[in-house]
Amino acid sequence: LEAIGVPFQWNPGVVFMARFMTVFAAVIAVTKDLPDVDGDKKYGFETFATKLGAPRVAGYACLALALNYVSAILEGAFSPYGSFNKFQMIFGHAFLANQLAQSW
């Protein structure tokens, strides 16, 4: 933002995106190894999936995503007026949490 002359300022949207996407990226980083767990075992690579098993890692990843969606719903519900579009924060993340639960 400084490149265009706008000073950076923390606000509820920036905090939400940083937190939400950090959890999302961590889940992606952990689950990217799930399809190749047999190859990782064969060649001696230690990953969460080789140590804990792919089903357990997938379950923990789903739990982390579900908690991330629940926190987004709560943040939308209890944030000060005008911080977020409450309808999108609550119902959008509830819909995505429901989709995750159905595929779990």
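Numbers for residues simply follow the sequence, beginning at 1. For clarity, every value in this text was computed on a predicted model and none was experimentally measured.
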Worksheet item: Residues in side-chain hydrogen bond (donor to acceptor under 3.5 Å, both in side chains) with S83, at least two apart?
Response: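 Scan of S83 (side-chain hydrogen bond (donor to acceptor under 3.5 Å, both in side chains), adjacent residues dropped) gives none.
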
Worksheet item: With sequence neighbours left out, what residues match R56 under side-chain hydrogen bond (donor to acceptor under 3.5 Å, both in side chains)?
Response: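 Not a single residue meets the side-chain hydrogen bond (donor to acceptor under 3.5 Å, both in side chains) criterion with R56.
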
Where [X] and [Y] come nearest, the two heavy atoms and their spacing:
{"X": "L34", "Y": "A49", "answer": "CD2-CB, 3.6 Å"}
{"X": "L100", "Y": "A66", "answer": "CD2-N, 3.5 Å"}
{"X": "T31", "Y": "A61", "answer": "CG2-CB, 3.4 Å"}
{"X": "P35", "Y": "K32", "answer": "CD-O, 3.4 Å"}
{"X": "F45", "Y": "T50", "answer": "O-OG1, 3.4 Å"}

Worksheet item: Quick one: side-chain hydrogen bond (donor to acceptor under 3.5 Å, both in side chains) pairs with a partner in residues 11-20, sequence neighbours left out?
Response: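 Listed once each, the pairs are R19-N68, R19-S71, R19-E75.
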
Are [X] and [Y] connected, step by step, through hydrophobic side chains (Ile, Leu, Val, Met, Phe, Trp, Tyr) whose heavy atoms are closer than 4.5 Å?
{"X": "F20", "Y": "L65", "value": "yes"}
{"X": "L63", "Y": "V70", "value": "no"}
{"X": "V15", "Y": "F24", "value": "no"}
{"X": "M17", "Y": "L96", "value": "yes"}

Worksheet item: What is the distance from atom CZ of F78 to atom CZ of F84, rounded to the nearest 0.5 Å?
Response: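 Those atoms lie 14.0 Å apart.
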
Discussion item. Nearest 0.5 angstrom please: Y69 OH to L74 CG, how far?
Written reply: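 Going from OH on Y69 over to CG on L74, the span is 15.0 Å.
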
Fill in: Residues which pass side chain to side chain contact (heavy atoms under 4.5 Å, CB included) with F87, listed by chain and number, not counting sequence neighbours
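Listed in chain order: N85, F91.
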
Item to complete: Give a yes or no on whether Q102 atom CD has more than 12 heavy-atom contacts from other residues, nucleotides or ligands under 6.0 Å away.
Response: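 Enclosed: over 12 neighbouring heavy atoms sit under 6.0 Å from CD of Q102.
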
Discussion item. Under the rule for salt bridge (charged side-chain N to carboxylate O under 4.0 Å, His left out), what residues qualify as partners of K42, not counting sequence neighbours?
Written reply: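 By the salt bridge (charged side-chain N to carboxylate O under 4.0 Å, His left out) rule, K42 matches no residue at all.
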
Worksheet entry | Flag, side chain of K86 to backbone of Y81, donor-acceptor distance under 3.5 Å |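 Between the backbone of Y81 and the side chain of K86 there is no qualifying donor-acceptor contact (under 3.5 Å).
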
Worksheet item: Are H93 and F16 near enough that their ring centres are under 6.0 Å apart?
Response: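 Yes, close enough.
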
Worksheet item: Can you name the residues that form a ring pair (Phe, Tyr, Trp, His ring centres under 6.0 Å) with F48, not counting sequence neighbours?
Response: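 Ring pair (Phe, Tyr, Trp, His ring centres under 6.0 Å) check on F48 returns nothing, list empty.
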
Item to complete: Could you check D36, L52, D40 and say which one makes a side chain to side chain contact (heavy atoms under 4.5 Å, CB included) with T47?
Response: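 Among the candidates, only D40 passes.
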
Practice prompt. Could you tell me whether the side chain of Y60 reaches within less than 4.5 Å of the side chain of V30, counting heavy atoms only?
Written response: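 Of all side-chain heavy-atom pairs linking Y60 with V30, none is under 4.5 Å.
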
